[in-house]
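Taking it in order: structure first as structure tokens, then the write-up.
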Amino acid sequence: MPYFTPARCEFVCGEHKAEVWPQPIVVPTGPRGVTGPLVRLDVKGRWLGEMAGAIALVDLPVGRWSTMMAKPVRGPVEAAFAAGAKAVVVISNGPTGKIIALNTDGRKPMFSSPVALLAPKQADAFRAGAIEGASATLHLEGEGGRRPAFNFGGRLDRGKGRWLAISTPRSGWFTCAGERGPGITAWLWLARWAVQAVSDHDLAFICNLGHEYEYLGAAEAKAKIAPPVAQTRF
């Protein structure tokens, strides 16, 4: 799976400085950062001014955003890079005022240049900078690459040829215990229950990593450890 351990991830405009979340798979800026005039985009990818050489500020509407794959998020970023932007900073406007980490492709970077996420509660100074045509610098520095990861599961093959498959993710951005804990608790309970209560089926219980990388672990599980689709009843 991809990983990135941040060393310096910040967005600077004049006296204003904010920590940002580097959008995985991370394209670093290098130690000097990326500097350019701020140009603000709306959700339809429209802007005023010159985008070539700029840092694009994508201001999303308020929503419960979850993935960079969503067209309202991906579209303005692609439009900015197509017009020559050096980097993109996305304001992830949502219910908490904090950064909303966005799921992404786990096999290759979605963009060839740096992309970061900015908390809406820290965004006003940068919106003002875009109106004034101010210059800004984005720093995305750290150690990244890939490291081994694993799914795990259990199978009870009774030779019935009729499988029940129950899966749950076990990862997400940050520690995410509140997000993943209830699912894993239910998954374990169902495993204990099904062994006794569902005697006329074969059972497969799979716990996948890489959910935040657009179901990367689930794709690997389907290819390698899940029961055959044609024999899976539920």
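Note that the structure is predicted; figures quoted are calculated from it, not measured.
With respect to Val90, the side-chain contact (heavy atoms from CB on, under 4.5 Å) criterion is satisfied by exactly one of Leu57, Val20, Leu60: Leu60.
With rounding to the nearest 0.5 angstrom, the OG1 atom of Thr96 is 7.5 Å from the NZ atom of Lys121. In this structure, Leu156 CG and Ser199 OG are separated by 10.5 Å, a value rounded to the nearest 0.5 Å. How far CD1 of Ile99 is from CD1 of Ile91: 11.0 Å, rounded to the nearest 0.5 Å. Summarising the geometry, atom CG belonging to Leu190 is positioned 5.0 Å from atom CD1 belonging to Ile166; distances are rounded to the nearest 0.5 Å. Taking OG1 of Thr35 as the reference point, atom NZ of Lys86 lies at 6.5 Å (rounded to 0.5 Å). With values rounded to the nearest 0.5 angstrom, Asp157 atom CG is found 4.5 Å from Asp202 atom CG.
What you find for Pro227 and Thr232 is that their closest heavy atoms are CG-OG1, 3.6 Å. Closest approach of Ile100 and Leu117 over heavy atoms only: O-CD1, 3.3 Å. Scanning both residues, Cys13 and Ala134, for their nearest heavy atoms gives SG-CB, 3.9 Å. Of all the heavy atoms in Arg107 and Asp105, the pair that sits closest is N-OD1, 2.8 Å. Summarising the geometry of Gly106 relative to Tyr213, their closest heavy-atom pair is CA-CD2, 3.4 Å, with the distance given to 0.1 Å. Between Glu141 and Pro31, the shortest heavy-atom distance links the atoms OE2-O, 3.5 Å.
Of the possible polar contacts, one joining the Arg158 side chain to the His201 backbone as a donor-acceptor pair under 3.5 Å is found. Remark: side-chain polar atoms of Arg74 are paired, donor with acceptor, to backbone N or O of Met69 under 3.5 angstrom. Although no hydrogens or angles enter the test, the distance criterion places no donor-acceptor pair under 3.5 Å between the side chain of Ser167 and the main chain of Ile206. Looking only at distances, a side-chain donor or acceptor of Arg162 sits under 3.5 Å from a matching main-chain atom of Asp200. Although no hydrogens or angles enter the test, the distance criterion places a donor-acceptor pair under 3.5 Å between the side chain of Asn151 and the main chain of Gly217. Trp163 places no side-chain N or O within donor-acceptor distance of the main-chain N or O of Pro228, the cut-off being under 3.5 Å. A donor-acceptor pair is defined here as one N or O able to donate and one able to accept, closer than 3.5 Å; no such pair exists between the side chain of Asn93 and the backbone of Pro61. In terms of modelled atom types and a separation under 3.5 Å, the side chain of Arg180 and the main chain of Ser171 share a donor-acceptor contact. Without hydrogens or angle criteria, Thr104 side chain to Pro24 main chain gives a donor-acceptor distance under 3.5 Å. The closest donor-acceptor contact from the side chain of Asp59 to the backbone of Asp42 lies at 3.5 Å or more, if one exists at all.
Under a cut-off of 6.0 angstrom, the local environment of CZ in Arg32 is sparse, with at most 12 non-hydrogen atoms contributed by other residues, nucleotides or ligands. With a 6.0 Å radius and a threshold of 12 heavy atoms from other residues, nucleotides or ligands, Leu188 has its CG atom above the threshold.
In this pair, Phe81 and Phe111 present their aromatic rings tilted. The plane angle is within the 30 to 60° band. Phe174 and Trp21 have tilted rings, their planes meeting at an angle from 30° to 60° on a 0 to 90° scale.
Looking only at side-chain heavy atoms (C-beta outward), Val89 and Phe126 stay at 4.5 Å or farther from each other. Residues Asn208 and Pro169 have side chains not in contact (no heavy-atom distance under 4.5 Å, counting atoms from C-beta outward). When side chains are defined from C-beta on, Asp124 does not count as touching His16, because their heavy atoms never get closer than 4.5 Å.
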Could you walk me through whether Met68 and Val115 pass the side chain to side chain contact (heavy atoms under 4.5 Å, CB included) check? CA-CA 11 Å; Met68 182 60 78; Val115 177; 4.2 Å; yes
Residues Met51, Leu41; criterion side chain to side chain contact (heavy atoms under 4.5 Å, CB included); working and verdict: CA-CA 10 Å; Met51 185 61 72; Leu41 285 83; 3.2 Å; yes
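Phe11 and Val39 fall into different hydrophobic clusters, where Ile, Leu, Val, Met, Phe, Trp and Tyr are joined by side-chain heavy atoms under 4.5 Å apart, directly or via other members. Both Met110 and Val88 are members of a single hydrophobic cluster when ILVMFWY side chains are connected at heavy-atom separations under 4.5 Å. Both Ile184 and Trp193 are part of a single hydrophobic cluster, where members link through side-chain heavy atoms under 4.5 Å apart. Phe4 and Met1 fall into different hydrophobic clusters, where Ile, Leu, Val, Met, Phe, Trp and Tyr residues are linked whenever their side-chain heavy atoms come under 4.5 Å apart, directly or through other members. Both Trp47 and Val73 are assigned to one and the same hydrophobic cluster, defined by single-linkage of ILVMFWY side chains at heavy-atom distances under 4.5 Å.
For the pair Glu19 and Lys98, the salt-bridge criterion is not met [side-chain N within less than 4.0 Å of a carboxylate O].
Side-chain contact, Asn103 with Trp173: a donor N or O sits under 3.5 Å from an acceptor N or O.
In this structure, Arg170 satisfies the cation-pi test against Phe150, with its NZ or CZ atom closer than 6.0 Å to the six-membered ring centre and inside 45 degrees of the ring normal.
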